[in-house]
There are 2 protein chains.
Amino acid sequence: MNSGRFTPESARLDDAARAAWLYYVAGNTQDEIARKMGVSRQSAQRLVATAVAERLVKVRLDHPIGRCMDLAEALTKKYALQSCEIVPSDPGAPDLLTGVAIAAAIELERVLKSPEGKIIALGTGRALKATVEQFPRMTSPQHRIVSLLGNMMADGSATPYNATISLAERVGATHYPYPLPVLASDAAELENLHGQRAVRNTIALCGQADFTLVGIGQMDHSAPLFVDGFVPETEMRELAAAGATGEITSWVYDSHGVLIDCAFNARVASAPLPKAADRRVVAVAVGAAKLAAIDAACQGRLVNGLITNEATAELLLAK
Amino acid sequence: MNSGRFTPESARLDDAARAAWLYYVAGNTQDEIARKMGVSRQSAQRLVATAVAERLVKVRLDHPIGRCMDLAEALTKKYALQSCEIVPSDPGAPDLLTGVAIAAAIELERVLKSPEGKIIALGTGRALKATVEQFPRMTSPQHRIVSLLGNMMADGSATPYNATISLAERVGATHYPYPLPVLASDAAELENLHGQRAVRNTIALCGQADFTLVGIGQMDHSAPLFVDGFVPETEMRELAAAGATGEITSWVYDSHGVLIDCAFNARVASAPLPKAADRRVVAVAVGAAKLAAIDAACQGRLVNGLITNEATAELLLAK
DNA sequence: CTATTTAATGAATATTTGCCCATGCACTAA
DNA sequence: TTAGTGCATGGGCAAATATTCATTAAATAG
């Protein structure tokens with residue numbers, strides 16, 4: 001049933017995809033699918049469930065929901081954004097990433113459909129990871145995908161929120177990981193690290209990116225930097241005292257979206273934030289906790305595009 | 001709730017889209033949606049149904065099989081087939097038989113899994129041989145496997161593309177070989193051959209077959225009939241002049257799938273092609289060279305099922 | 001203002017789906 | 001070979017979904 005390499009695993013996915021097609025596209029009931037595929041009804045159900053679990057089934061809504069359009073327009077005006085995408089919130093789970101992840105994946109797909117080779121720069125974090133998971137497989141080796149920062153801790157261990165590798169894999173493009181820790185121990189080590197030829201090349205690519213997609217981190221007790229163990233509590237307190245409101249690829253900024261001149265930022269190993277004037281720099285972020293951080297980033301023109309959900313958009317407008 | 005002009009219709013679609021989003025993307029049940037949107041459960045169901053009916057919900061399958069299913073559906077419609085199976089092509093080897101052979105074997109297996117004794121009729125050729133090679137061993141002596149044609153040349157030597165014997169061996173079923181050459185020397189000899197009791201019995205079985213699986217031969221310089229030495233070049237040219245486009249079990253047909261009334265067909269010793277109206281007659285065929293032959297066979301209802309690959313399916317649809 | 005038609009609603013019900021669990025089969029290690 | 005370990009299978013049942021139908025509300029014409 002499968003021409004290439006035949007493995008039990010690929011056969012299982014083939015069947016799952018076939019069942020899902022019959023279910024979602026052709027509109028069969030699971031009973032009919034079972035008969036057509038010669039399995040029991042329960043097995044058919046399992047196949048469909050597998051296809052959903054393996055993310056083979058992608059659902060999208062082809063309708064601009066009025067309320068979301070209104071919010072997007074209002075935010076575009078408020079922050080002078082180049083692009084703004086609002087997805088509906090689930091009232092019960094307003095911080096759900098799935099919706100924005102799909103929207104971001106569609107945006108990304110639009111860029112990567114181009115026949116010209118594009119450079120895509122990606123940050124890290126849960127939102128980015130969720131976005132890449134929504135991304136369909138395609139074959140577009142003309143593009144280059146580059147990481148804006150490392151995901152290693154000082155001891156060399158890595159967080160799992162890496163988006164570059166899996167996106168590159170799905171796109172079939174070459175990728176440029178960022179082979180540095182998130183933070184250097186001091187400015188001197190940083191200079192040394194940045195001197196490496198490969199690193200210089202990667203950073204240069206980041207500066208030329210046609211499309212940059214980043215997450216936004218808040219700076220309170222639930223801050224990704226703190227939760228993931230990059231920054232100890234004492235330093236978090238110092239940063240808060242210095243007015244830290246949010247961070248993008250670890251660069252910490254204040255409530256106006258201006259990078260803070262502090263010891264912490266002097267150790268940040270990430271690529272410099274692109275000037276969001278001439279290139280598209282889009283943030284994906286959701287949740288009340290990130291409110292101040294999103295507001296500041298937009299105000300300070302650290303990003304010129306925003307993908308968020310209804311609930312967050314309403315809070316932003318109320319600010 | 002809606003930007004731009006407010007009409008009852010657009011509000012209805014907005015709600016439908018929102019409900020569909022909560023259902024398909026956020027994974028709510030219709031009960032939850034009803035509570036969240038403040039409507040009854042039935043209304044929520046209707047909203048979701050509306051969104052589907054209005055085609056606001058787009059589902060796609062991120063798996064090679066998805067494309068295959070689309071093609072199968074299109075071909076089923078185009079040729080009014082009873083069944084159509086498309087396997088993914090290996091882009092590097094678009095004429096590889098392995099994929100379709102596995103698919104055909106699975107189809108065959110489905111029939112042979114039945115506890116009732118079935119009659120299976122088989123043609124010859126590389127595709128059939130490959131199919132049988134993919135067939136697992138089983139013990140189902142209740143079935144009968146019968147050959148639709150011989151594989152002897154006039155001198156009594158045999159081509160190796162015999163499927164009946166090895167399938168019967170793998171299934172553990174009784175088999176009925178076709179003890180005649182492919183071609184008689186003339187109509188008189190043919191009548192004589194067909195008079196044999198065993199042959200009459202075999203042909204009768206072919207007519208009752210529950211499932212008939214055949215290959216399709218093209219009629220150009222790469223024709224199996226020519227390559228395997230059944231037909232000399234001069235006769236091939238005559239047939240081509242008479243409009244021969246393809247052959248199934250050596251019966252030669254024109255570009256509309258109508259058997260050609262000619263000296264050659266008068267010598268063909270194979271069992272008559274089953275009327276593909278009431279019985280399942282499935283062809284396995286792959287490759288650009290067979291395009292016209294496949295198209296004609298389907299057009300002329302010589303077969304009512306097709307197993308091929310993605311590349312061939314695309315070419316057929318483009319015709 | 002009323003009669004008539006149309007569309008929307010929710011109750012009742014039929015169908016479909018999701019899940020748990022006992023069973024059995026295949027594979028592994030001793 | 002045998003006991004053990006997983007893992008797929010299908011029965012059974014509860015949950016969720018779709019459909020039908022009678023009723024009511026709204027819209028429109030007279």
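Letters A, B, ... mirror the listed sequences (proteins, then strands); counts begin at 1. Note that the structure is a prediction, hence the values are computed from the model and not measured.
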**Q** Do the charged groups of A:Arg170 and A:Glu109 touch, with an N to O distance under 4.0 Å?
**A** no
**Q** With the side chain of B:Tyr23 defined as its heavy atoms from C-beta on, choose the nearest nucleotide among D:dT9, C:dT17, D:dT17.
**A** D:dT17
**Q** Starting the side chain at C-beta, find the nucleotide from C:dG10, C:dC20, D:dA18 nearest to A:Arg46.
**A** C:dC20
**Q** Taking atom types as they are modelled, is there a donor-acceptor pair under 3.5 Å from the base of C:dA11 to the side chain of B:Gln42?
**A** yes
**Q** Measure from CD on B:Gln30 to P on C:dT15 and round the result to the nearest Å.
**A** 18 Å
**Q** Check the distance between D:dA18's P and A:Asp31's CG and give it to me in whole angstrom.
**A** 15 Å
**Q** Could you tell me whether the phosphate oxygens of D:dA16, OP1 or OP2, come under 4.0 Å of any side-chain nitrogen or oxygen in B:Thr29?
**A** no
**Q** Grab the CG-P distance between B:Leu47 and D:dA16 for me, whole Å please.
**A** 19 Å
**Q** Can you tell if the side chain of A:Pro224 reaches within under 4.5 Å of the side chain of A:Lys290, non-hydrogen atoms only?
**A** yes
**Q** Indicate whether OP1 or OP2 belonging to D:dG10 is found under 4.0 Å from a side-chain N or O atom of A:Ser43.
**A** yes
**Q** Salt bridge or not for B:Glu107 and B:Arg110, using N-O below 4.0 Å?
**A** yes
**Q** Give the C-alpha distance, both sets of side-chain angles, the deciding distance and a yes or no for side chain to side chain donor-acceptor pair (under 3.5 Å) between A:Asp90 and B:Trp21.
**A** CA-CA 9 Å; A:Asp90 181 341; B:Trp21 189 90; over 6 Å; no
**Q** So if I take every side-chain heavy atom of B:Gln45 and compare against C:dG10, C:dT17, D:dT17, which nucleotide ends up nearest?
**A** D:dT17
**Q** Please pick, from D:dG10, C:dT17, D:dT17, the nucleotide with the shortest atom-to-atom distance to any side-chain atom of A:Arg41.
**A** C:dT17
